[in-house]
S.K.: 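Quick one: structure below, then a few questions.
Residue numbering restarts at 1 for every chain, and letters A, B, ... go by the order of the sequence lines.
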There are 2 protein chains.
Amino acid sequence: MSDLLGRLRERGWRLTSQRRVVAEVLDGEHVHLTADEVHARAVERLPEISRATVYNALGELVTLGEVVELSTDGRAKRYDPNARHPHHHLVCSRCGTIRDVHPTGDLMTGLAAEERFGFTVSKVEVTYRGLCPACAGQDA
Amino acid sequence: MSDLLGRLRERGWRLTSQRRVVAEVLDGEHVHLTADEVHARAVERLPEISRATVYNALGELVTLGEVVELSTDGRAKRYDPNARHPHHHLVCSRCGTIRDVHPTGDLMTGLAAEERFGFTVSKVEVTYRGLCPACAGQDA
DNA sequence: ATCCTACGATGGACGCAATCCAAGTCAAGA
DNA sequence: TCTTGACTTGGATTGCGTCCATCGTAGGAT
Ligand SMILES: [Mn+2]
Ligand SMILES: [Mn+2]
Ligand SMILES: [Zn+2]
Ligand SMILES: [Zn+2]
């Protein structure tokens, strides 16, 4: 918990019951939920909240920089409320489990100016892929 | 051009006219096409090739390690025939342009053993995001 | 050269994730 | 309390990809 609601209120985010519930679901656990998973948890607190509203709220939280959107596979995007702690991800290629990692060293320096093609690079995403302990210990 | 077809033949890949065309489309240009873009170019050479066949062929080329599948955004996956030259990507956040980059330094070393949570890490993907020169020079 | 058959191709139906939309509802300032 | 622009809703729609029953054929066998 990191007082996400407090920050949102200060920034003048119009606070509806639906938005409050979405923010609470995200703030509660530092996991990487899909939009439908967020919706499922939101429904437990506010039964009639719609999927469209969850998508709308998530999109705004991403725009506000309070949540990071991840597309680690070609499936549903995942929403990461741990946006204030820059970090990268370790993903299991078999079961999809995602863990936060904090590699050392400045990754930006690896990209020489001649390799930037005139781009203004603003962020770097690193995804480490492999097998988690559970999946590595299985046959086939 | 890197004799993709030659390697495939040596590996016993059953060579149909459809598969030949898909391989030729990919081998011809070192770009990052979507499945539908590959299909469009394949149709120019073999008008009745189906989308399902293109998806099948791309999936096998990925399994064979001859093509890399990219999910840089939440949109259509892109297929990279430059799989024999390990590299990373620089992506424009506005227009989606993708460029190959070859950062220096060993990125794997940044992830300490204590940070691996028992995973057997087999590869690292790095995506640099920012604005390309054309998009940076536009208002709004 | 011809035959055989297991593997590949086809295209239309289907599934999932996400967005769009017109109509109804409400938070928050006056 | 009143007003109004912003938010919510759920059903339709889109985009991307997969599935499947059926047809066709590459390539080994003869
Ligand atoms: Mn995370
Ligand atoms: Mn590439
Ligand atoms: Zn796993
Ligand atoms: Zn651009």
Side-chain angles (χ1 to χ4, degrees), chain A residues 5-6 8-26 32-43 45-64 66-80 96 98, chain B residues 5-6 8-25 32-64 66-80 96 98:
Chain A
L5 278 169
L8 292 171
R9 200 177 295 114
E10 280 176 19
R11 298 177 71 171
W13 206 48
R14 188 164 169 175
L15 205 41
T16 65
S17 54
Q18 293 87 347
R19 287 176 169 195
R20 181 191 311 277
V21 165
V22 170
E24 284 171 356
V25 165
L26 288 170
H32 305 89
L33 302 174
T34 64
D36 267 346
E37 287 166 351
V38 172
H39 179 245
R41 298 186 184 205
V43 162
R45 300 170 181 235
L46 188 66
E48 289 316 308
I49 189 172
S50 73
R51 262 179 279 279
T53 295
V54 171
Y55 276 104
N56 288 341
L58 289 172
E60 289 176 39
L61 292 171
V62 169
T63 299
L64 290 168
E66 293 287 354
V67 168
V68 172
E69 197 176 59
L70 303 176
S71 302
T72 55
D73 53 10
R75 317 271 310 172
K77 288 176 187 167
R78 293 185 172 273
Y79 294 88
D80 186 340
I98 302 176
Chain B
L5 278 169
L8 293 171
R9 199 176 296 113
E10 280 177 19
R11 298 177 70 172
W13 205 48
R14 190 165 168 173
L15 205 40
T16 65
S17 54
Q18 293 86 349
R19 288 176 167 196
R20 181 190 312 277
V21 165
V22 170
E24 284 170 358
V25 165
H32 304 88
L33 302 173
T34 64
D36 269 345
E37 287 166 351
V38 171
H39 180 244
R41 297 188 185 204
V43 162
E44 294 172 7
R45 300 170 181 233
L46 189 65
E48 289 316 308
I49 189 172
S50 73
R51 288 195 328 124
T53 295
V54 170
Y55 275 103
N56 288 341
L58 289 172
E60 288 176 38
L61 291 171
V62 169
T63 298
L64 290 169
E66 293 287 353
V67 168
V68 172
E69 196 175 60
L70 303 177
S71 302
T72 55
D73 54 8
R75 317 270 309 172
K77 288 175 187 168
R78 294 186 172 272
Y79 293 88
D80 186 340
I98 301 177

S.K.: Establish, with yes or no, whether the OP1 or OP2 oxygen of D/dT8 is under 4.0 angstrom from a side-chain nitrogen or oxygen of A/Ser50.
M.R.: no
S.K.: So which heavy atom on A/Ala23 is nearest to which on A/Leu8, and how close?
M.R.: CB-CD1, 4.1 Å
S.K.: Would you name the heavy atoms of A/Ala35 and A/Val54 that are closest together and state the gap between them?
M.R.: O-CG1, 3.8 Å
S.K.: Between atom CZ in A/Arg20 and atom C1' in C/dA28, what is the gap in whole Å?
M.R.: 13 Å
S.K.: Provide the closest heavy-atom pair for B/Arg78 versus B/His32 in the form atom of the first, atom of the second, distance.
M.R.: NH1-O, 2.7 Å
S.K.: Between A/Glu48 and A/Gly74, who's closer to the 5' end of DNA chain D by nearest nucleotide?
M.R.: A/Glu48
S.K.: Find the distance B/Leu58:CG to C/dG8:P and express it as a whole number of Å.
M.R.: 15 Å
S.K.: Take the C1' atoms of the five end pairs on each side of the helix from C/dA1-D/dT30 to C/dA30-D/dT1, derive the two axes, and give their angle rounded to 10 degrees.
M.R.: 30°
S.K.: Please tell me which of the listed nucleotides, C/dT10, D/dG17, D/dT8, lies nearest to the side chain of B/Ala76?
M.R.: D/dG17
S.K.: Reading nucleotides 23-30 of chain D 5' to 3', which nucleotides get B (base under 4.0 Å from a protein heavy atom), which S (sugar-phosphate only), which -?
M.R.: --BBS---
S.K.: Between B/Arg19 and C/dA9, is there a contact of a side-chain N or O with OP1 or OP2 at under 4.0 Å?
M.R.: yes
S.K.: So what does B/Ala52 hit on the nucleic acid, given a heavy-atom distance under 4.0 Å: a base, only sugar-phosphate, or nothing?
M.R.: base
S.K.: Would you give the length of the straight line joining atom CZ of B/Arg19 to atom CG of B/Leu5, rounded to the nearest 0.5 angstrom?
M.R.: 12.0 Å
S.K.: Does A/Arg11 use its side chain to pair, donor to acceptor, with the backbone of A/Leu64 at less than 3.5 Å?
M.R.: yes
S.K.: Checking the side chain of A/Arg9 only, and the main-chain atoms of A/Leu15 only, is there a donor and an acceptor separated by less than 3.5 Å?
M.R.: no
S.K.: So, the side chain of A/His39 versus the backbone of A/Tyr55: is there a donor-acceptor pair under 3.5 Å, distance only?
M.R.: no
S.K.: In whole angstroms, how far is the C1' atom of C/dC16 from the CZ atom of A/Arg78?
M.R.: 14 Å
S.K.: Can you measure A/Lys77 atom NZ to D/dC16 atom C1' for me and round it to whole angstrom units?
M.R.: 13 Å
S.K.: Output the rounded distance in Å from CG (A/Asp73) to C1' (D/dT18).
M.R.: 15 Å
S.K.: In whole angstrom, give the distance that lies between atom CD of A/Glu60 and atom C1' of D/dA6.
M.R.: 10 Å
S.K.: Would you tabulate the side-chain donor-acceptor contacts of residues 68-77 of chain A under 3.5 Å, counting partners in other chains and residues two or more places apart, or write 'none'?
M.R.:
| from | atom 1 | to | atom 2 | distance (Å) |
| --- | --- | --- | --- | --- |
| A/Glu69 | OE2 | A/Tyr79 | OH | 3.2 |
| A/Asp73 | OD1 | A/Arg75 | N | 3.1 |

S.K.: Which whole-number value in Å describes the distance from B/Tyr55 OH to C/dC14 P?
M.R.: 19 Å
S.K.: Would you indicate which nucleotide in D/dT9, D/dC16, C/dT10 comes nearest to any side-chain atom of A/Asn56?
M.R.: D/dT9
S.K.: I need the minimum non-hydrogen distance between B/Gln18 and B/Thr53, along with the two atoms involved.
M.R.: CB-CG2, 3.8 Å
S.K.: Round to the nearest Å and state the distance from B/Arg51 atom CZ to D/dG17 atom P.
M.R.: 9 Å
S.K.: Side chain of A/Gln18, heavy atoms from C-beta onward: which of D/dT8, D/dT18, D/dC16 has the nearest atom to it?
M.R.: D/dT8
